[in-house]
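Down below is the structure, laid out as structure tokens.
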Amino acid sequence: MLFRLYNFMPGLNILFNYEKQWFADDAKAALSVTAVALPVAIAYAQLTGVNAVVGLYSCVLPMIIYALFGTSKQLIVGPDAATCAVIAAVVTPLAAGDSVKHWQLVITMTAMTGFWCVIASRFKLGVLADFLSKPILMGLLNGVAITIIVSQFSKIFGFTFDEKYLLERLGGVPAYISQAHVPTLLMALFTVSVYFVMKRLKPTFPASMFAIALGAISVWFFNLGQFDVKTIGIVDGGLPLFQAPEFNVGIIRELVMPALNLAIVSFVSMMLTARSFAAKNSYDIDADKEFMALGMANFASALSQGFAVSGADSRTAVNDANGGKTQLVSIMAAIIIAIIAIFLTAPLEYIPSAALGVVLIIASVHLLDLKAVWRLRLKDRQAFYLTLVTLLAVLFIGVIPGITLAVLLGLFQFIRTVMRPTDNILGVDINGTVRSLDTSDKAKAVDGIFIYRFNSPLTYFNSSFFKRRLLEQYARQKEDIDCVIIDAVPCFTHLDLSVMAMLADLDIIFRKRGVRLEIAGRKRQLLAWFAKAEIKSGIEGIYVHSDLYLALRKNQRQHNAAQKELSDETTNEQEYTNEAIIAL
């Protein structure tokens, strides 16, 4: 019973077996995580288009739930720049300026994201962690970062963008700058100055929190509201009150695919962070359970009137740097944030919007890594093009279409790899080990035998390519071939009737040439599949061996026997000729 509970909630295993010596480090890490999470949560709430307290709600229950369901000891979940940018891009047009409807749409999309994550976990789709390649995700995050940076210019300069898309906004920048509100701009410069001074004097301190706090104190003390310095306004604290969303099916339908895209991107991004810190601290991550944990965290966020969450790399790094040992860090940080959200929200109304804009730009700059994109040009040109296309798509056609394109690129990249994989011709080295034939000449081809390996699962859409490549490689062989052996282990992974039909065609082609077609590996599976596809096996059809070495030994014996028989016939003919000469 306890094992089942631990399997369902992996975090309980660590919490129930908690060691006292971990507490001091965990408490220190929790305070540091809270100091970083507070200003970021408020800033991301502004980015999402909801009240500041919603950002705090999005930290509390999700962090506690992840502590119970997650398998990472260091990962901190919470609001994320890319996640919030996606939600804002989807929800803002649908809400049409209605703040209540906007909030309800945010909650609904968050619940849908959680639903997709839980479904993916149930179907063991943790493999999707590898679905979006690093180059595609790099382009996506850089594009989102640039989009956020440009969108926050309005808060820093004190104007409002009239345009929806990035290019139009950039085109109007000169006109907008002329409309800059000087007090707001001075507040932004003050926030930047405080941030970098704190970073220089006390690098380990939460500079963002100090910068926002001093900005709020300045607004309150000097009554900067009289100069039209905008703040986030009144923050209604207290416990979140559940509100059932009210809209028609058509609007909900508009959220289904964006929520699916958001679930994939959030999960992939979270897994990159979780795996990197797990490797650093020498333990493993269960991708399927992480999908479940992310889904449950998003459900918890929606239930507490928050918005979608993901793995927060900056807060996870703070946790690890301060020696956090377990997910008790998340629980303690969540309790502190909950106390602030319920009882101490009054001072938050003085936080200037310009200061939040600065914090979001700084967070986005840390997300930005254009140098890495450019370095890809020298390392892997194909990866560079994938990154560039994704980046430009996010910038030119928007965040949601850019994410959709990123997902499609990941799918096409996978299909291309499966449809046109690499292949090898195999031989044997001096130790009798089967290995690929290459320019090193460490392995030699086996006399009379052609061994072929196809490095991808065979299915209906690559079977014709397999057939063509096998015949091309066979045609290039200069020596006489008696037998063609296919290594079944990497390519025959499932039953596909198109593949079986292709094998039958190959058998006919090689029989006409006097060549045996044989398969090595997966013997029991292949014989069962042959029976279903009505393909003959054994002497009358395609012979299937248990493994490659058995196939080689049997064929070498046959080849040697044939050579000996041929040699004996030659000897007999020579003796007959000699006898005839003597008789003459």
Side-chain angles (χ1 to χ4, degrees), residues 417-428 434-437 443-566:
T417 301
V418 174
M419 287 185 69
R420 297 294 182 267
T422 58
D423 56 0
N424 303 100
I425 301 171
L426 306 181
V428 178
V434 175
R435 58 190 303 166
S436 299
L437 299 178
K444 301 292 183 183
V446 181
D447 291 340
I449 301 174
F450 174 70
I451 312 170
Y452 181 71
R453 174 180 288 163
F454 191 72
N455 298 315
S456 175
L458 269 171
T459 187
Y460 65 93
F461 56 72
N462 65 3
S463 59
S464 59
F465 178 73
F466 170 88
K467 178 181 177 181
R468 185 169 69 251
R469 285 293 298 169
L470 175 57
L471 293 175
E472 285 175 357
Q473 295 283 29
Y474 166 78
R476 293 192 184 114
Q477 305 308 303
K478 297 178 181 179
E479 299 181 1
D480 291 336
I481 301 297
D482 301 321
C483 176
V484 172
I485 301 176
I486 300 171
D487 184 4
V489 175
C491 55
F492 289 96
T493 57
H494 64 284
L495 174 60
D496 189 308
L497 294 180
S498 298
V499 174
M500 294 296 105
M502 178 270 297
L503 273 181
D505 289 343
L506 278 176
D507 185 39
I508 293 171
I509 291 170
F510 282 119
R511 280 180 180 275
K512 288 180 179 178
R513 300 180 184 183
V515 178
R516 298 188 310 278
L517 176 63
E518 301 186 358
I519 300 178
R522 303 187 185 273
K523 182 175 181 178
R524 190 171 298 176
Q525 280 183 329
L526 282 167
L527 290 177
W529 296 345
F530 281 9
K532 290 181 180 180
E534 298 181 351
I535 295 177
K536 294 180 180 180
S537 59
I539 298 174
E540 297 180 353
I542 303 172
Y543 200 92
V544 184
H545 301 272
S546 298
D547 61 53
L548 201 51
Y549 290 94
L550 285 174
L552 279 173
R553 281 198 292 270
K554 179 180 178 182
N555 279 284
Q556 281 183 308
R557 284 197 299 268
Q558 290 180 345
H559 181 73
N560 293 337
Q563 290 295 108
K564 185 176 183 302
E565 184 177 344
L566 180 62

Return yes if some donor-acceptor pair links the side-chain N/O of [X] with the main-chain N/O of [Y] below 3.5 Å, else return no.
X: Arg469; Y: Asp423; answer: no
X: Asn455; Y: Pro421; answer: no
X: Asn424; Y: Leu426; answer: no
X: Asp496; Y: Phe461; answer: no

(request) Give me the one residue out of Val515, Val484, Leu517, Leu471 that meets side-chain contact (heavy atoms from CB on, under 4.5 Å) with Ile509. (result)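 For Ile509, the side-chain contact (heavy atoms from CB on, under 4.5 Å) check succeeds only for Leu471.
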
From [X] [atom1] over to [Y] [atom2], what is the distance, rounded to the nearest 0.5 angstrom?
X: Ile535; Y: Asp507; atom1: CD1; atom2: CG; result: 8.5 Å
X: Cys491; Y: Asn462; atom1: SG; atom2: CG; result: 9.0 Å
X: Arg435; Y: Ile451; atom1: CZ; atom2: CD1; result: 13.5 Å
X: Ile485; Y: Ile519; atom1: CD1; atom2: CD1; result: 11.0 Å
X: Leu470; Y: Phe510; atom1: CG; atom2: CZ; result: 4.5 Å
X: Lys532; Y: Met500; atom1: NZ; atom2: CE; result: 11.0 Å

(message) For Leu458 and Phe465: C-alpha separation, side-chain torsions, deciding distance, then whether side-chain contact (heavy atoms from CB on, under 4.5 Å) applies.
(response) CA-CA 10 Å; Leu458 269 171; Phe465 178 73; over 6 Å; no

Any side-chain heavy atom of [X] sitting closer than 4.5 Å to one from [Y]?
X: Tyr543; Y: Arg516; value: no
X: Asp487; Y: Val434; value: no
X: Arg513; Y: Tyr474; value: yes

Of all the heavy-atom pairs spanning [X] and [Y], show the shortest one and how long it is.
X: Val446; Y: Val428; answer: CG2-CG2, 3.6 Å
X: Lys554; Y: His545; answer: CD-CE1, 3.5 Å
X: Pro457; Y: Thr493; answer: CB-OG1, 3.3 Å
X: Tyr460; Y: Val499; answer: N-CG2, 4.4 Å
X: Arg511; Y: Ile539; answer: NH2-O, 3.5 Å
X: Ser498; Y: Ser463; answer: O-OG, 4.5 Å

(request) Would you please test Gln473 and Tyr452 for side-chain contact (heavy atoms from CB on, under 4.5 Å) and show each step? (result) CA-CA 8 Å; Gln473 295 283 29; Tyr452 181 71; 4.1 Å; yes

(request) Start with the C-alpha distance between Gln477 and Ile425, add both sets of side-chain angles, then the distance that settles side-chain contact (heavy atoms from CB on, under 4.5 Å), and finish with yes or no. (result) CA-CA 10 Å; Gln477 305 308 303; Ile425 301 171; 3.7 Å; yes

(request) Start with the C-alpha distance between Phe492 and Leu503, add both sets of side-chain angles, then the distance that settles side-chain contact (heavy atoms from CB on, under 4.5 Å), and finish with yes or no. (result) CA-CA 11 Å; Phe492 289 96; Leu503 273 181; 3.5 Å; yes

(message) Using a 6.0 Å cut-off, check whether atom CD of Glu472 has over 12 heavy atoms from anything other than its own residue.
(response)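 Enclosed: over 12 neighbouring heavy atoms sit under 6.0 Å from CD of Glu472.
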
(message) Could you check whether atom CZ of Arg524 has more than 12 heavy atoms from other residues, nucleotides or ligands sitting under 6.0 Å from it?
(response)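 It does not: Arg524 CZ has 12 such atoms or fewer within range.
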
